[in-house]
Amino acid sequence: MSIDNIISSAVAEALKSLYGADVDAATIVPQTTKKEFEGNLTIVVFPFLKMSKKAPEATAQEIGDYLVANCEAVKTFNVIKGFLNITIEPKFWLGVLKHIEDTADYGFKKADDSSQLVMIEYSSPNTNKPLHLGHVRNNLLGYSLSRIMAANGYKVVKTNIVNDRGIHICKSMLAWQKWGNGATPESTGKKGDHLIGDFYVEFDKHYKAEVKELEGKGMSKEDAEAASPLMQEAREMLRKWEAGDEDVRSLWRTMNSWVYAGFDETYKRLGVDFDKIYYESETYLEGKAKVLEGLEKGIMYRKDDNSVWADLTADGLDHKLLLRSDGTSVYMTQDIGTAKLRYQDYPIDKMIYVVGNEQNYHFQVLALLLDKLGFKWGKDLVHFSYGMVELPEGKMKSREGTVVDADDLMDEMVNTAKEMSMQLGKLNDCTKEEADKISTIIGLGALKYFILKVDPRKNMTFNPKESIDFNGNTGPFIQYTYARIQSVLRKAAADSISETFDNANVEPNEKEVSLIQRLADFPALVDEAGRTYSPALIANYAYELVKEYNQFYHDYSILREENTDVRAFRLSLSRTVGDTVRRAMWLLGIEVPERM
């Protein structure tokens, strides 16, 4: 039983004994005592005043006296107004540490046959350009969330929807036909997604030149854009694609295959993956069929121009277009089709969409439409909405001058990690292979941590140099502390120093108690991160834990401690801190190095 549960149960017994009140112990939730007050756990007594019919201070005093007399875990207490601050018997924390050590995957729940299935959609790239900085935040949030939900006992399916059709795809295809000279990833030595992205930029360059030329002949900008021969060719290519023209489809399949190979490389390097990938080219017709089914049932309506709409005014929203007058689908229709296929493939209980906050309204509408169309999880779908991420001006050049490619960013991070590590002498004893591996772990860990430590709902600026600082709230600081702990454990093993100690000869000091209490908080943090969909909670917990450990490491000897029981206890505590740091960082998708 956790220390929180012991205190909750003891307080419930006190209320029964003192006031004859039956209170469910689960409703009594101890809080960690604020640092400015003495104590480990705090009970707020205001909810008990109706039972005691006494002032808050008197009620807290009576409950505190009862706990000292009847609960062996409680050493002393103090009362601040309506707050009962409890100090736990120091030796009792040794049992808490033992419980943590003995619990496999401490803080994690395992899924079983009764567990709900949650599907998490993230990434959602277009096949006309490489993944960029915005995708990096999206992928890291989605992947971390999948691990956090799994740690909360859910069955998890990680999914991706690839936007592989539409006018933007045709622009790259047309530019390749006109100016590609048969270029392939092999012939150019370029990743496929970058190659196709180059042709998308090429199309835009020629298109803008055409529009400028037509404007020079007296056309308005709008008329010039409509009259652009290049744009007309792209639209014609899209019409041929939708009609199933084999030449166009064959080129589309070839160029998309290049992009997918490039994406796979980026995903692998970023450390994310998917259980199932859906493609818009396979879902848009399904969505159209579902909308027409809704039309037959009177859920949607058709306008005079033949377009199909949903009237959501009764739900406080607007009228929403679902099929254009020419019968083609919009994004909402495609999302409905994707939902239909997913529901056929998996018994989904909860659906989480990791998509930027500019799509908030879209998901309000989608939730209503899916509910009206009979998807049981529709109304309760979760839009995990996150803010924009940008780089400080001038920090990094991007290939297109406007968007920072994920690959370029990862290169920059690893190179910066190597430079800074070498300057600090952290790679002095490493072979080139070890130095490269450690630089990769540090660089990508810095990137992931810096992005994940921020509340997802907030816009953020990602600063590469700042993220690789070996001090402060950064990934490398946490990784370095983990490596430091492993170094201590290796030295202890080499000197055959035991981690077995006699409880009777050990009384944890204040710093050690604080560390054990922070370790004991881990399961509640994992639970809260799952309920609130917040990797940031885990990231900042990991930082606070290692900050606390470093203070302990600075203030007290471990291997040089003369009392063998105290030395063994501190080794055991260090190992448990390291294990918990590793689990927390695993939830964020971040690797921790054994040496650094």
Side-chain angles (χ1 to χ4, degrees), residues 120-126 129-149 158-163 193 197 262-263 265-274 352-360 362-363 382-393 395-396 398-400 402-414 416-417 443-468 473-476 529 532-540 542-543 585-591:
I120 304 174
E121 175 194 292
Y122 55 96
S123 203
S124 312
N126 295 327
K129 54 191 172 186
L131 301 174
H132 55 67
L133 178 57
H135 287 115
V136 170
R137 190 178 197 190
N138 180 297
N139 278 278
L140 295 181
L141 286 170
Y143 188 72
S144 176
L145 189 60
S146 74
R147 288 191 162 182
I148 289 169
M149 297 306 280
K158 298 166 289 184
T159 185
N160 186 359
I161 175 71
V162 178
N163 304 305
D193 50 337
F263 283 174
E265 208 176 304
T266 305
Y267 288 139
K268 185 176 180 182
R269 193 174 178 201
L270 198 55
V272 305
D273 57 28
F274 308 94
I352 302 174
Y353 293 87
V354 182
V355 181
N357 56 17
E358 72 279 2
Q359 294 293 326
N360 286 352
H362 175 92
F363 284 98
V382 175
H383 173 207
F384 180 13
S385 173
Y386 64 90
M388 293 279 290
V389 56
E390 295 173 347
L391 285 167
E393 200 65 40
K395 280 284 177 188
M396 228 184 100
S398 66
R399 189 170 276 109
E400 293 176 30
T402 53
V403 176
V404 176
D405 293 332
D407 296 316
D408 291 347
L409 180 60
M410 286 190 280
D411 286 342
E412 172 91 355
M413 293 302 298
V414 172
T416 303
L444 296 184
L447 168 66
K448 293 176 182 184
Y449 185 84
F450 201 93
I451 283 177
L452 292 173
K453 75 176 182 179
V454 177
D455 181 335
R457 293 163 296 187
K458 293 181 178 174
N459 290 345
M460 67 171 292
T461 300
F462 174 69
N463 187 324
K465 283 265 193 298
E466 194 181 307
S467 74
I468 300 183
N473 192 359
T474 66
T532 59
Y533 311 116
S534 180
L537 286 176
I538 301 292
N540 288 291
Y543 169 62
M585 296 294 264
W586 181 87
L587 289 172
L588 303 175
I590 299 174
E591 205 176 335

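Bear in mind that the values here come from a model prediction, so they are computed numbers and not experimental data.
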Is the shortest side-chain heavy-atom distance between [X] and [Y] below 4.5 Å?
X	Y	answer
Glu121	Val355	yes
Lys448	Leu588	no
Pro464	Met413	yes
Phe462	Leu447	yes
Leu145	Tyr122	no
Arg137	Val454	yes
Asp273	Tyr143	yes
Val414	Arg269	yes

- Report yes or no: is the cationic atom of Lys453 (NZ for Lys, CZ for Arg) under 6.0 Å from the centre of the six-membered ring of Phe450, at an angle within 45° of the ring normal? yes

- Between the main-chain N or O of Arg457 and the side-chain N or O of Asp455, is there a donor-acceptor pair closer than 3.5 Å? yes

- No-hydrogen, no-angle side-chain donor-acceptor test under 3.5 Å, Ser123 and Tyr267: yes

- Item | With Tyr449 via ring pair (Phe, Tyr, Trp, His ring centres under 6.0 Å) - residues at least two apart | none

- Report the residue from Val272, Ile451, Thr266 that forms a side-chain contact (heavy atoms from CB on, under 4.5 Å) with Asn139. Val272

